[in-house]
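Since we're looking at a predicted model, the values are computed, not measured.
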Amino acid sequence: MSIVKETTVPTRTLLQTDAPLFDALVGYANSETVSFDVPGHKMGAMKTPFQDAIGVQALKMDVNSMAELDLLSHPKSVIKDAQDLAAQGYGADHAFFLVNGSSVGIHAMILASCKPGETLLVPRNCHKSVIDGMILSGVVPAFIQPDVDDHFGISHGVSVEQVTQALQENPTAKALLITYPTYFGTMTDLEKICVLAHAAGVTVLVDAAHGAHLKVMDGMTDPILAGADLVTTSMHKTGGSLTQSSLLLLQGTRLSADKVRKVTGMLQTTSANYLLMSSLDAARRELVLHGAEEFQRLKPIVEEAVQAIESGAHYEVLKTGYVNRRFQQSHDWTKLVIRVNGLGLTGFEVYSLLKQRYGIQMELAEGYVVMAVITPADTEISIGRLKDALLDIERTCTKPNVLHSAWTVVDSVNELVMTPREAFYAEQESVVIDDAIGRISADTLMIYPPGIPLVIPGERITCEVIQHYTYYERAFGTVLSESKRTGSVTVVKGGY
């Protein structure tokens, strides 16, 4: 009787030059497989106008979960390897692919860290997805009013002092959610905040939707390095992946990987899109290998453009020196926030001029500012077009007086009468917005972009809320609500 000795094949060490999921998907798309599987277009087998527009290769890569391509909810091979590489690239212990954007990551962070009835500390200028996460989880929010910048007409991040006060006032708080960087690129001292929160036994969650690139930026501190426990970051915003693809990053032992995996599996589809997931894998490789070099290339181009834009008397660009001097925070220069009200125009008017007259699509407009997002896709030519357009607007459209408004930025926290979850499930009715003063909102009135609510379910509607609503609605028509009637809001029935 012979004894056969079992041998094992050593596992190859994964390198950041690898893209295991992307390579496996391309290989499968290029195979001669005859599909009797879903999706129904059968890897683009039928010629259609849609196929003509996006190309047959994209449809060949739009496939279902199978052995060769792994399964997102229970990854064991190429998806697991791709997620491990993402974790390694960001210095985290675990990474989870998200195919429903950072919104689902925000929901997952709250559900994984808090039980119903527990307190979540959160800036009041948080994204709508945070409010939705409160409704799903049943947590009780304790809002922190962030620093308000009347000069630029925007809000920045919450300060160390504000977080310290919130921790003292809410000793039973379970988690703290920080937006870092903010939509406008400002960054608080997250490292110090993490130390303070952890000393109080509070888990630190970070909405880093706009910070996927910070890891490769000189002089920037990414949230994982700062000590955050759980971080959601939108690779699709600044990392180069397809829209709707994001990462959830976990480090440390305050939250278990199994719990986070369970929650993400509960919230996400069982038919995860392979184009989205493979784009995360490919974008991570490009960012880690070439991101630092690309941002170094861009920085002097942006600095030169900023000098030209500010050469007249009407524009001012948000910079770290200003933010640090006034608010003790820093700024990400890839968020080109340009103060335009010195022209006598609103940001909304300049935004429209740039699009209609010059074919330039900006990221957003606010009362006083417009913002452009700079990524490695930009060049001296694209940035030059923006610079030249702004200078032409200054030459041809400037009005004699600087524009001022009292309603460009919210500088107070509304009274929370009910939790968002209680208001969501309460009996509701729709009323005209002007008749809603004193009522308890069951609606989220939201400026989009950036998706920051003027009022949320459970808050009392004030005269100031209505005035802000009216300002934004008339200026740009950017206030979104869940009411089906224009100029109306959904409120708790009988609630005052």
Side-chain angles (χ1 to χ4, degrees), residues 83 86-98 102-114 118-123 125-127 129-130 133 137 139 142 144 146 156-160 162-164 166-167 173-183 185-217 219-235 237-239 246-257 259-261 263-264 284 287 329-330 332:
Q83 291 185 146
Q88 181 189 105
Y90 277 93
D93 295 324
H94 302 276
F96 306 88
F97 282 0
L98 304 176
S102 287
S103 291
V104 78
I106 300 295
H107 301 162
M109 291 199 302
I110 296 172
L111 284 165
S113 60
C114 299
E118 291 184 329
T119 299
L120 173 69
L121 305 177
V122 59
N125 62 335
C126 62
H127 188 264
S129 60
V130 178
S137 65
V139 302
I144 308 170
H156 297 303
V158 293
S159 68
V160 172
Q162 289 165 331
V163 171
T164 300
L167 288 168
K174 187 69 173 180
L176 164 69
L177 193 150
I178 294 290
T179 307
Y180 178 99
T182 66
Y183 199 96
T186 51
M187 293 172 286
T188 188
D189 190 342
L190 183 59
E191 191 169 358
K192 189 173 289 186
I193 285 173
C194 287
V195 171
L196 289 169
H198 291 157
V202 173
T203 302
V204 179
L205 316 175
V206 176
D207 172 2
H210 297 272
H213 60 297
L214 292 181
K215 179 69 176 177
V216 300
M217 295 273 288
M220 305 286 180
T221 301
D222 74 279
I224 290 294
L225 183 63
D229 301 299
L230 200 52
V231 177
T232 298
T233 190
S234 294
M235 280 292 282
K237 284 185 168 65
T238 57
S246 293
L247 292 174
L248 183 58
L249 304 169
L250 170 67
Q251 76 168 337
T253 58
R254 288 182 181 83
L255 297 169
S256 76
K259 178 68 174 292
V260 175
R261 187 176 296 109
V263 171
T264 57
R284 178 271 314 157
L287 193 64
Q329 298 186 28
S330 58
D332 171 13

G239 and A212: which non-hydrogen atoms are nearest, and at how many Å?
-> N-CB, 4.2 Å
Could you give the distance from CZ (R261) to CG (L250), rounded to the nearest 0.5 Å?
-> 9.5 Å
L205, V206, I144 screened by side chain to side chain contact (heavy atoms under 4.5 Å, CB included) with L176, the one that passes | I144
Inter-residue atom distance F97.CZ - R284.CZ, 0.5 Å rounding = 7.5 Å
Heavy atoms, side chains only, cut-off 4.5 Å: are Q162 and T188 in contact?
-> no
Measure the spacing between CG of D207 and CE of M109 and express it to the nearest 0.5 Å.
-> 6.0 Å
Distance-only criterion, 3.5 Å: show the donor-acceptor pairs between side-chain atoms of residues 189-196 and protein atoms not counting sequence neighbours.
residue	atom	partner	partner atom	Å
D189	OD1	K192	N	3.2

Step by step, would you call I178 with V163 a side-chain contact (heavy atoms from CB on, under 4.5 Å)?
-> CA-CA 10 Å; I178 294 290; V163 171; 4.3 Å; yes
Can you name the nearest heavy-atom pair linking L214 to P181, along with the distance?
-> CD1-CD, 3.8 Å
In this structure, CG of L177 is separated from OG of S113 (nearest 0.5 Å) by 8.0 Å
Residues passing the side chain to side chain donor-acceptor pair (under 3.5 Å) test with N125, sequence neighbours excluded, are none
For the student: nearest non-hydrogen atoms of G105 and L248, plus distance = O-CD1, 4.2 Å
Using the side chain to side chain donor-acceptor pair (under 3.5 Å) rule, collect all pairs that involve residues 222-232, keeping only residues at least two apart or in two chains.
-> H198-D229, D229-R254
Mind checking side chain to side chain donor-acceptor pair (under 3.5 Å) for T182 and listing every partner two or more places apart, or none if nothing turns up?
-> T186
Are F96 and V263 side-chain neighbours, meaning at least one heavy-atom pair lies under 4.5 Å?
-> no
Those residues that, when tested against H210, pass ring-ring contact (aromatic ring centres under 6.0 Å, His included) (two or more places apart) = Y183
Rounded to the nearest 0.5 angstrom, the CD1-OG distance for I110 and S129 is 7.5 Å
Might you point out which heavy atoms bring T233 and G211 nearest each other, and give the distance in Å?
-> OG1-C, 3.7 Å
Residues passing the side-chain contact (heavy atoms from CB on, under 4.5 Å) test with Q251, sequence neighbours excluded, are D93, I224
Of all heavy-atom pairs linking L255 and A112, the shortest is CD2-O, 3.5 Å
For the side chain of Q83 and the backbone of H94, is there at least one donor-acceptor N/O pair under 3.5 Å apart?
-> no
Exam field: side chain Q329 to backbone G157, donor-acceptor pair closer than 3.5 Å = yes
Evaluate the side-chain proximity of H127 to S103: yes if any heavy-atom separation is below 4.5 Å, no if none is.
-> yes
Mind checking the SG-CD1 spacing from C126 to I106? Nearest 0.5 Å is all I need.
-> 9.0 Å
Would a 4.5 Å heavy-atom cut-off, applied to side chains only, mark T203 and L230 as touching?
-> no
Identify the heavy atoms of V204 and A197 that sit nearest to each other, and give their distance.
-> CG2-CB, 3.5 Å
Any donor-acceptor pair under 3.5 Å linking the side chain of T119 with the backbone of A173?
-> no
Has K215 got more than 12 heavy atoms of other residues, nucleotides or ligands less than 6.0 Å from its NZ?
-> yes
Heavy-atom side-chain contact between V231 and Y180 under 4.5 Å = no
